[in-house]
There are 2 protein chains.
Amino acid sequence: MIQKRAKAVTIKEIATHCDVSPSTVSLVLNGSPKIKKSTRDKVIEAAAMLDYQPNEMARSLVSSRSRCLSVTVPALNHVFSDVYFGEIISGIYQEAQEAGYKILLDIAQESFIAEKEYLNILRNRRADGMLYIASTVEDRFLLEFEEHHDPLMLVNHYFPDSSLNYLSVDYKQAARLCAEHLMELGHRHIGLIVGTNTFTGLDFRDTFFAVCEENGLSKTSLPWTGCTDWDEQDGYTAARKLMSRHPELTAIMAANDRMAIGAMRYLMNKGLHVPEDISVMGVDNIPSAKFTTPGLTTLKMDLFEVGRRSCKRLLEILNGQRTACHELLEPHVILRESTGPARV
Amino acid sequence: MIQKRAKAVTIKEIATHCDVSPSTVSLVLNGSPKIKKSTRDKVIEAAAMLDYQPNEMARSLVSSRSRCLSVTVPALNHVFSDVYFGEIISGIYQEAQEAGYKILLDIAQESFIAEKEYLNILRNRRADGMLYIASTVEDRFLLEFEEHHDPLMLVNHYFPDSSLNYLSVDYKQAARLCAEHLMELGHRHIGLIVGTNTFTGLDFRDTFFAVCEENGLSKTSLPWTGCTDWDEQDGYTAARKLMSRHPELTAIMAANDRMAIGAMRYLMNKGLHVPEDISVMGVDNIPSAKFTTPGLTTLKMDLFEVGRRSCKRLLEILNGQRTACHELLEPHVILRESTGPARV
DNA sequence: TAAATAAATTCAAACGATTTAAACAAGCCC
DNA sequence: GGGCTTGTTTAAATCGTTTGAATTTATTTA
C-alpha cells in the first residue's frame, strides 16, 4: 500500500482560474514576451496565490533534460567520509547549484558496473551529465564512454591514452614540488608511501623518483611501499614496513595526508620525533592537516576548486559552449612543522 | 545552442520490432503475468537486443514517484568534507541503493530556505522523501513540515515538542556515559566544549552538567565554552579560553571528535601532556580518532548505522508500512589513551 | 455448433508540461 | 470593404510511459 500524496497545483488549474488556456500560462511562466502585460500579471498572481510548482518530471520529459548531474565515486569503504571526496563534492555542488542543477549521488560498486548503470543513468535521462571522481586503474569500463561520447568528466584523474574529458591537479608537478622540498632540506634517504591503484598515484611515484634521481639520489636510497586504501591505516602499516627495513630514512613522503597522518602516528609510537628524527610530508592539505601535532607539511591541491571547475566545464559542454576539456591545476607547497633539515 | 543527444530506444520501437502493441511491451517489462510466454520471450529478447532503457522521466510522470530521496545537510563550510556527515550519508546511500532509490543532494543554504526549496523538492516530484541531517536550532522552517506532513526524516537530531519523525543517537545518554567515565577516573574539574546551535548539543551540555552535579561536583568546577562550527578550530580556540581562565582543569570534554582534536592540539602546543597533565575526551569515533597521538577516547555513535536506519524508516513510511518514527540509538565508550586518572 | 468463459492483446486516456502552427481581433491603407 | 499587418491567444501534437476498459482470440462447456 503506497501512500498517496495530495496532488499538486497544475498549470491547468491556473488556466481555469485565470480564464485563459494552459498554453498561455506556460508561455507566461517561461517568460515569453508575446503575452500582454495584463494577462501576464493575472497569471503570475494566480500562480503565486495557488503556490504553483512546476512538475519537474513532466518538464524533463518534454525537454529531455533532467537538470541533474550524476556524481560518481569509487566504491571505497564509507567513501563519503573521506574529506578528499567531500571537498570535491562540495565544489561540484556549489557550481551545479548556481547553474540550477541538482546533484545525483552514485557509488561505482559491483552492481553499478555489472549492470552498466554508469551508462544507464545518462540513457534513462536521470542525469544530463556525469562527473566521475578519482577512479582506480581497474575502472576500465569508463573507456566505454569514449565510443558513446556521453557528457562525462573525470574529476581529479585521467585515463592515459584516452580522449575522455578530465580536470585534475597536476600530480607530476606535485611530485616534483615534494621531491624538491625534501631535497632542499638535505634529505637523501626518503621513503615513499603511495597508492598504486590510480594513474595519478603511479604518476606521482614515477615522477618523484625521476626528480630525485635527476638530483643525484640513487634508486636504492628511495624505498617505497604501495597500498590501495589511501587511509591512515595504510600509512601506519607502510611506515612500519619502511622503517623496519630502512632505519636510515630521514624523511617519509606520503602521497596523501591521511596516509601521512597514519605514518606520523607510527613514528611517534616508536618514540621518534617529527621532524627532528624524521620528516613527514603529505599531499592534499585536508583541514585536519593543520591540527596534527606537529602540523603537517603538505601540498595544497584545492580540491574544492577542482570540483567546482570540473562541474563548470561539464556544464559548458552540455551547453555546447565547449566540446572537450583536458585541464590541469597547479599545486602549492604548504609549509608546517612536520618537515625539517635532515638529521646528520 | 544545446547539444542534442541521440534519442534513446523507446517502448514503441520494441513494439514495432516485435509486431505487438506498446502496451504489451510495457506489461512484459513490468512482469505482468497475463502475457503469453512466447510473446514475453520475444519482447524480452528484443529489449535486450536493442539495449532498451526505460525513460525514468516518463515513468515518474505517470506514477508520480521519482524513486529519489533528497538528502539535505545544513550550510556549513565545505560540509561534505566533514566525516560526521560523510558517515551518515554513506549509510543512507547503502540503504537507498538496495531499495532501488537514488540520492539527491542538497544544502540548506539561504536560497534553499528563502525560496522554500525544502518544500518544493517534494512538491515538484524531484524526490519522494527527504532526509534532513543535523539541523541547527535556527532551522525552524522545518516545522512547516508538521502541517504539510510530507515524508520527512530528521537524521541524528530532533525538534523538541514537535511531531516530526527522527532517528538519532541518544545524546543525553551520551553525555551520561562521558560524565561517568571522567568522574570514575577521579576528575572533579572538567571543562566542556560544546556546540550550542543544535538541540542535541544543548541536551548534551545540560545532561552532562546534571550527571556531574548528581555526583557532587559543583557548578563552579564545570566551566564551559560554546561554539557553532564543531570543527578543529573551534576546539582549539575553546581550549585556549578554558585553560587561561581555569588552569585547575584536569579534563576537557569536547562534544565531538573534531573539536577534541583541536583542543588536544592546543594543549600540546602549551607543553601539556595528554593524558598525564590533562585528559581529553571526544564524541563520534571518527576514523582519525584512532590515529591521533595519543589515541582519542571517545564515544562510538555508529553514524553509518544512523544513516542506514533513518533511510530504512523513511522507506517504510513511503511504503505505508509505518506512519511515524521516533527512535534513539545507544552510544558506547571507546577507550583509548587520551583519558587517564586525574592528576593530584 | 453455438454459447459461455477464459486468456491474451490492444485501445485510448491519462500524467503535466512545452511548442509550433493556426486562429482571432484590431488597426491601417488603398 | 477587402487585403495586410501586428499583436495575442489557443488548439493540438508531442515527450515515453502506465493502466483500466474494451476487444480480439482461444478454450471450454452445454
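Lettering of chains follows the sequences in order, A, B, ..., and the numbering in each one begins at 1.
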Rounded to the nearest Å, what distance is computed from the [atom1] atom of residue [X] to the [atom2] atom of nucleotide [N]?
| X | N | atom1 | atom2 | value |
| --- | --- | --- | --- | --- |
| B:Met57 | D:dG16 | CE | P | 13 Å |
| B:Glu13 | D:dC15 | CD | C1' | 13 Å |
| A:Glu56 | C:dA17 | CD | P | 10 Å |
| B:Arg40 | C:dA8 | CZ | C1' | 12 Å |
| B:Lys34 | D:dT23 | NZ | C1' | 13 Å |
| A:Lys12 | C:dC15 | NZ | P | 6 Å |
| B:Arg126 | C:dA17 | CZ | P | 14 Å |
| B:Leu27 | C:dT10 | CG | C1' | 10 Å |

Tell me whether the OP1 or OP2 atom of [N] has a side-chain N or O from [X] closer than 4.0 Å.
| X | N | value |
| --- | --- | --- |
| A:Arg59 | C:dT18 | yes |
| B:Asn30 | D:dT18 | yes |
| A:Thr24 | D:dT10 | yes |
| B:Ser26 | D:dT18 | yes |

In plain terms, say whether [X] and [Y] are close enough for a salt bridge, that is, a side-chain N and a carboxylate O under 4.0 Å apart.
| X | Y | value |
| --- | --- | --- |
| B:Asp19 | B:Lys42 | no |
| A:Glu98 | A:Arg308 | no |
| B:Lys116 | B:Glu144 | yes |

Which nucleotide in the set [options] lies at the smallest distance from any side-chain heavy atom of [X]?
| X | options | result |
| --- | --- | --- |
| A:Ser23 | C:dA17, D:dT17, D:dA12 | D:dA12 |
| B:Ile11 | D:dT19, D:dT17, C:dG16 | D:dT17 |
| B:Thr10 | D:dG16, C:dT10, C:dA17 | D:dG16 |

Which sits closer to the 5' end of DNA chain D, B:Ser63 or A:Ala58, going by the nucleotide each is nearest to? A:Ala58
Indicate, with a heavy-atom threshold strictly under 4.0 Å, whether B:Pro54 touches base, sugar-phosphate, or nothing. sugar-phosphate
Just call it for B:Thr39: base, sugar-phosphate, or nothing, with non-hydrogen atoms closer than 4.0 Å on any strand. sugar-phosphate
Is a donor-acceptor contact shorter than 3.5 angstrom present between the side chain of A:Ser64 and the base of D:dC15? no
Less than 3.5 Å between a donor and an acceptor, one on the side chain of A:Ser21 and one on the base of D:dA11, is that the case here? no
Map A:Leu29 and B:Lys36 onto DNA chain C by nearest heavy atom, then report which one ends up closer to the 5' terminus. B:Lys36
Pick the nucleotide of DNA chain C nearest each of B:Asp19 and B:Val62; which residue has the one closer to the 5' end? B:Asp19
Assign the ring pair B:Phe159 / B:Phe199 to parallel, tilted or perpendicular, where the plane angle (0 to 90°) is split at 30° and 60°. perpendicular
Could you check whether the rings of A:Tyr118 and A:Phe141 sit parallel, tilted or perpendicular, using 30° and 60° as the cut-offs? tilted
Could I get the full list of ring-ring contact (aromatic ring centres under 6.0 Å, His included) partners for B:Tyr101, not counting sequence neighbours? none
